[in-house]
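Working notes for the structure below.
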Amino acid sequence: MSNIPMVDLQSQYQRIKSEVDAAFAEILSTSYFVGGPVVKRFSEHLAAYLDAKHVVPCGNGTDALQIALMALELQPGDEVITTPFTFVATAEVIALLGLKPVFVDVDPCTFCLNPYQLKRAITERSRCIIPVHLFGQSCNMEDIMAIAAEHDLYVVEDNAQAIGSDYLFSDGRRQKTGTIGHIGCTSFFPSKNLGCYGDGGALFTNDDELGAKIRMIANHGMKVRYYHDSVGVNSRLDALQAAVLDIKLQRLDEYGAARQRAAAFYTEHLKGLPGGRPPREASYSTHVYHQYTLVIQHKRDEISKALNEGGIATGIYYPVPLHLQKAYRSYGYQEGDFPVAEDLARKVLSLPMHTELTESVQSHIIETFTKAR
Amino acid sequence: MKRVLITGAAGFLGSHLCDRFIKEGCHVIGMDNLLTGSMNNIEHLFPLPQFEFYHHDVSKFVHVPGDLDYILHFASPASPIDYLKMPIQTMKVGSLGTHNLLGLAKAKKARMLIASTSEVYGDPEVHPQVEEYWGNVNPIGPRGVYDEAKRFQEAMTMAYHTFHGLETRIVRIFNTYGPRMRVDDGRALPAFFSQAIRGEGITIFGDGSQTRSFCYVDDLVDGIYRLLLSDYVYPVNIGNPAEITIKAFAEEVLDLVGNPKAHLVYRDLPKDDPKKRRPNISKAKEILGWEPQVSRADGMQRTLEYFREVVQVDSLVEE
């Protein structure tokens, strides 16, 4: 069997090739490259899909987070609580804005921010919580929103890995992740569940005032051209990306279902194995499996190497929790502060997960994995 | 389905208790702040829907949604090197932690079992120790933080029983060993095993004539389970009365591991090292129908298998 990648964007493109090529040709003929009708149309479609009042596209997921924190007018020294077990972007924007990242340990089953630990991290300077919906399922938003309300904190959802998943409230209501907090952020990086063919991102909110502010900040802090009301950034989505996203958005639920099918197949065949734990789906969220991540008790790195040698790509998301990263040393954290995140960093292993996986490819992966154990 | 809260769930004893209660068909809520506990001990439980993990410090207010039938309080640093390093946390988990859980037990109308210890007897003047012996503890000695926290814990638990009519159980645990002991917890048994596996000197303090009695963890857990289900509210010793000198024990480990490079080395005896400790288990026999079932040879074999898995053998790296 030939090499098996973590994601297979090429095969996915082949299935939508005619639509994408036609859309690109159309944009090239109109020369409307940044902003414009295609971006507007996509934003409207995404707002309808998410049932969010405002969708503001921007340059990438990291910008989305930064713009969100700027829109909340947080002041230097204000504390923003987030997870140490995620991609660096979340902490990066906090630090860049002169805010203080305060980390909180994660739940060992969902890998997401643990509401129990969250309460302990709140101080007089706490202003905002950024829950990261890691690997495709939501954090426990009901508990997080209750804690935020009690302490008058903003909630910015980092939805980069979970777009399309539903939060299931205890009263039976469903709501798209990213639309529950004050602001939701996402990334359209190519490997994401809703990915474009370059960089892209977006913010969502149901708050009119925040919506207007976000729109302004993303475009140099201006509402009227060349009149700048606040310090903004240059962060926009281009039309080519919006065209791809619009085509893929129509298939997002179908893509999610394909990922769920692939995940179910993995779990079905891996669940009995001692020493390796398949992901557990939270009762309060659907799971769109941005990643399929196992927890391997022993010899994670050897197993990963054996899979790689057999031509199977693997991912370790993430090998070093943020509080132990060199760049974040100055915040004074040390080894042992977040034992669950540190333990997961030593044990997680992600297998290939995308919309084009076939059972025969998966069977080969499972077989290789089983032998490597 | 009975719902059980086990604190110290990621610890040596706590994790074995989780296993037992899961096996008995209970829904288990494991709580641990992971200060001395290890995720490795409960990793195998995370896939189970009847297991929930709460990463929480019981010294702080404890909230558990839903009903609870039993609460077992096993959270505490328990080996001398740990509680000397964390004296205040040790006192808080035994005192404030116990108080929080007693309050929770009262609110939930749950039965509460606390993990007490042979350390409540301190440096005993009675041998073997019976439950009626009040102990000989120096409150400001190096072990005082652990011993007095546990003595306070017993007193508090008894007060909730007599004053509030709470259903309570008190187990006084003697030396226990088995899989999931921490290699570096500073106690003789894991030290002996890891030194023997690595082919190093097995350190004996003094001449090795001091005695210990070691209970295999499955036996201990069975005793605790029986005590919980009994109606006996006074303290019960659970331990193995078979006494062995440290030197004889070290030799047994040497034989069992069979690493030719390992050998005995002698060091000075530390001041607070108890000369003798052995439980009198007549109460457990009479009231619970319990006595140890696992022979030392069996228990040591099972423990060795575990230590072989977790001890890093440096000699492999040299090659």
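Since the model is a prediction, treat every value here as computed from it, not as a measurement. Only heavy atoms go into these numbers, but all of them, side chains included; no hydrogens, no water, no symmetry mates.
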For this session: Using the test salt bridge (Lys or Arg N to Asp or Glu O under 4.0 Å), find all partners of A:Arg259 that sit at least two apart in sequence or belong to another chain.
Result: none

For residues 61-73 of chain B, which side-chain N or O atoms pair as donor and acceptor with protein atoms under 3.5 Å away, sequence neighbours left out?
unit_1	atom_1	unit_2	atom_2	d
B:Asp69	OD2	B:Arg3	N	2.7
B:His73	ND1	B:Thr7	OG1	2.7
B:His73	NE2	B:Val93	O	3.1
B:His73	NE2	B:Thr98	OG1	3.4

Seminar exercise, completed: In this structure, CG of A:Asp107 is separated from CZ of B:Phe46 (nearest 0.5 Å) by 8.0 Å

Seminar exercise, completed: A:Arg280 meets the salt bridge (Lys or Arg N to Asp or Glu O under 4.0 Å) criterion, sequence neighbours left out, with none

For this session: Answer yes or no: are there more than 12 heavy-atom neighbours, outside A:Tyr154 itself, under 6.0 Å from its atom OH?
Result: no

Problem set entry | Heavy-atom check, side chain of A:His298 versus side chain of B:Glu309, under 4.5 Å | yes

For this session: Verify the neighbour count for atom NZ of B:Lys108: are there more than 12 heavy atoms of other residues, nucleotides or ligands below 6.0 Å?
Result: yes

For this session: Among B:His44, B:Glu52, B:Glu43, single out the residue with the greatest number of heavy-atom pairs under 4.5 Å to chain A.
Result: B:Glu43

Exercise. Parallel under 30°, tilted from 30 to 60°, perpendicular over 60°: which one fits the rings of A:Tyr116 and B:His56?
Worked result: perpendicular

Problem set entry | Proximal to chain B - members of residues 335-354 of chain A, heavy-atom separation under 4.5 Å | A:Pro339, A:Val340, A:Asp343, A:Lys347

